[in-house]
Trainee: 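Below: one structure in structure tokens.
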There are 2 protein chains.
Amino acid sequence: MTPVTSDSSASSEGTDLPGQLRAAAADVIIERGLGAFSLREVARRADVSHAAPGYHFGDMSGLLTSLAIEGLDTLHRETAAAAAEHVDPLDRLTAVGRAYVKVGREHPAHMEVVFRPDLIDVDHPDMHRCGAQAFGVVLAVVQAIADDRNPDLDVLTAARLCWSAMQGLVQIHPKLGVLDEAMGTSTRSLDDLVADFTRLIVDGIGSRP
Amino acid sequence: MTPVTSDSSASSEGTDLPGQLRAAAADVIIERGLGAFSLREVARRADVSHAAPGYHFGDMSGLLTSLAIEGLDTLHRETAAAAAEHVDPLDRLTAVGRAYVKVGREHPAHMEVVFRPDLIDVDHPDMHRCGAQAFGVVLAVVQAIADDRNPDLDVLTAARLCWSAMQGLVQIHPKLGVLDEAMGTSTRSLDDLVADFTRLIVDGIGSRP
DNA sequence: CCCCACCACTTGACGTTGTCAACCTTCGAC
DNA sequence: GTCGAAGGTTGACAACGTCAAGTGGTGGGG
């Protein structure tokens, strides 16, 4: 019945319905939020019948998983490109962090869906592949820092920390904002927070002078 | 019509329907996941009519918000209690981190809902209050570290980093697990990762000897 | 004793949703 | 000219969230 291919192979242009459905899905998520997401609304925006998304992606999880894979892929490409623009290891780490939150800002629907195991199929092979590629970028940058200044560093753990801090930041940044205005503390932009975090992670918060 | 009180005031015991509904909701989330959450299933488990949850909490967002507030409250109490058990600032930071992931492990439904602005009402006053209290614990511990070893530390930013890292860890830990077995790297438990992260955050990943 | 208002639900209904079977329609191969 | 598949559409179904209206019990005033 349903092919469940989710191919993005629309050779030239114009009639890539899976792609249009992904784009419409991202729009719906941005405008209405993931809580009010609906396949039928996606179909309506793409001007196809209500069952067309199901035909191409099997079910809702299939469509959202496809979106998540796209998100992980651009995350990989953007962070890799940002890292390649700098030679100093610390500059590279900061650039990767900035690229991370930039992807979160420019493709909020994609990034919102990446870490939602209840909505997507986390065992999809492409999820594994793209996730490992993206993590590889962080790993390489941290390795460069270790080579440059701290040969004894546990690179794997440090890379995990960097990823956790960036993802945590993207997730709780809005909440930090309201917390700030409730406590009267100064609000900082995402980019500034990335720079702050990078410096703190590198230097340590308890560095004895 | 609907009271939308969501009071947890069931004086003695036995007939605290809002509390039973919260408990049932947590069970549903744990067993079926947030994606398959349904008010009617909650009502079924509490053995009440399908509209009872709506009567007490207004709508689905009301029930989930109530759950999130409960989660933030136990997060606040558990981390504060853990911090009080140690005097050395570093031990306290590690203990707070462990308490954070412990709450995430023992009350997964509550913690899963805390950072889902699309499902809950993030502007609920109790959300602000409990969130600020919980953040206050982290802030105090980081302040102690600053007093002890690094008077120049930007305490607010450092506390934000700690919270982001912990929350990011809770969120992406399952993904790290599958990444590990895909890359052949060693898998670490959540508690071990907390200890690793704490040490790295304190010492810095680029600490020149 | 009666009545009335209120609380804590229940009942019933409506519109929307995800999913699935069945059905068209176009198109290239044989 | 017929076949078969690709790429959808149509129709149906059960489950869902939400809301208006109804119901039983309880407590207090007259």
Side-chain angles (χ1 to χ4, degrees), chain A residues 1-22 24-25 27-29 31-67 113 116 118-121, chain B residues 1-25 28-29 31-67 113 116 118-121:
Chain A
M1 311 275 162
T2 60
V4 198
T5 52
S6 81
D7 273 330
S8 58
S9 55
S11 54
S12 59
E13 188 55 34
T15 59
D16 173 25
L17 189 47
Q20 286 175 242
L21 289 172
R22 266 191 297 265
D27 285 351
V28 172
I29 292 172
E31 285 180 32
R32 312 248 269 234
L34 254 179
F37 180 78
S38 115
L39 282 185
R40 287 172 113 110
E41 174 67 19
V42 171
R44 243 169 265 133
R45 302 207 183 195
D47 212 52
V48 289
S49 79
H50 66 259
Y55 173 73
H56 282 284
F57 297 99
D59 59 357
M60 197 172 129
S61 159
L63 172 51
L64 294 180
T65 302
S66 174
L67 214 60
V113 101
R116 297 263 170 128
D118 54 313
L119 296 179
I120 69 177
D121 173 23
Chain B
M1 317 265 162
T2 59
V4 197
T5 54
S6 79
D7 274 329
S8 57
S9 56
S11 55
S12 60
E13 190 51 38
T15 59
D16 173 24
L17 188 48
Q20 286 174 244
L21 289 172
R22 267 191 295 265
V28 172
I29 293 172
E31 285 179 32
R32 315 247 268 232
L34 255 179
F37 180 79
S38 116
L39 283 185
R40 288 172 112 107
E41 174 66 19
V42 171
R44 241 169 268 133
R45 301 208 184 194
D47 213 50
V48 288
S49 80
H50 65 260
Y55 172 72
H56 282 284
F57 298 99
D59 59 355
M60 196 170 129
S61 159
L63 173 51
L64 294 180
T65 302
S66 174
L67 215 59
V113 103
R116 297 263 170 127
D118 55 313
L119 297 180
I120 69 178
D121 173 21

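Note that this is a predicted model, so its numbers are computed, not measured. Chain identifiers are assigned alphabetically (A, B, ...) following the order of the sequence lines, protein sequences preceding nucleic acid strands; residue numbering begins at 1 within each chain.
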Trainee: From dG17(D), dC16(D), dG8(D), pick the nucleotide closest to the side chain of R44(B)?
Mentor: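 Side chain of R44(B) sits closest to dC16(D).
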Trainee: Which of the following nucleotides, dG18(C), dC16(D), dT10(C), is nearest to the side chain of S38(B)?
Mentor: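 Nearest listed nucleotide: dC16(D).
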Trainee: What distance separates T65(B) OG1 from D59(B) CG, expressed to the nearest 0.5 Å?
Mentor: 8.0 Å
Trainee: In whole angstrom, what separates E41(B)'s CD from dT18(D)'s P?
Mentor: 16 Å
Trainee: Return yes if the base of dG12(C) and the side-chain atoms of H50(B) contain a donor-acceptor N/O pair under 3.5 Å, otherwise no.
Mentor: yes
Trainee: For D47(B) and dT10(C), give me the distance from atom CG to atom C1', rounded to whole Å.
Mentor: 13 Å
Trainee: In whole Å, I'd like the distance from the CZ atom of F37(B) to the C1' atom of dA15(D).
Mentor: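 Taking atom C1' of dA15(D) as the reference, CZ of F37(B) is at 15 Å.
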Trainee: Look up atom CG in D118(A) and atom CZ in F37(B), then write down how far apart they are to the nearest 0.5 Å.
Mentor: 12.0 Å
Trainee: Think H56(A) has a side-chain N or O under 4.0 angstrom from the OP1 or OP2 of dG8(D)?
Mentor: yes
Trainee: Over how many whole Å does the gap from D16(B) atom CG to dA8(C) atom C1' extend?
Mentor: 13 Å
Trainee: Between dG7(D) atom P and F57(A) atom CZ, what is the distance in whole Å?
Mentor: 13 Å
Trainee: Just the rounded figure in Å: distance from P of dT16(C) to CE of M60(B).
Mentor: 19 Å
Trainee: Atom CG of L17(A) and atom C1' of dT26(C): how far apart are they, to the nearest Å?
Mentor: 16 Å
Trainee: Run R45(B) and E31(B) through side chain to side chain contact (heavy atoms under 4.5 Å, CB included) and show every step you take.
Mentor: CA-CA 12 Å; R45(B) 301 208 184 194; E31(B) 285 179 32; 3.2 Å; yes
Trainee: About how many Å separate CG of D16(A) and CZ of R22(A), when rounded to the nearest 0.5 Å?
Mentor: 6.5 Å
Trainee: By the 4.0 Å heavy-atom rule, please label S49(A) as base, sugar-phosphate, or nothing.
Mentor: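 S49(A): base contact, heavy atoms under 4.0 Å.
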Trainee: Return the 5'-most residue of the pair R40(A), A52(A) with respect to DNA chain D, ranking by each residue's nearest nucleotide.
Mentor: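 Counting from the 5' end, the first nearest nucleotide belongs to A52(A).
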Trainee: Is it the case that dG7(D) (base atoms only) and Y55(A) (side chain only) share a donor and an acceptor within less than 3.5 Å, ignoring hydrogens and angles?
Mentor: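 Indeed there is one.
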Trainee: Expressed as a whole number of angstroms, how long is the span from R32(B):CZ to dG18(C):P?
Mentor: 17 Å
Trainee: Nearest 0.5 Å, please: how far is OG in S49(B) from CZ in R44(B)?
Mentor: 11.5 Å
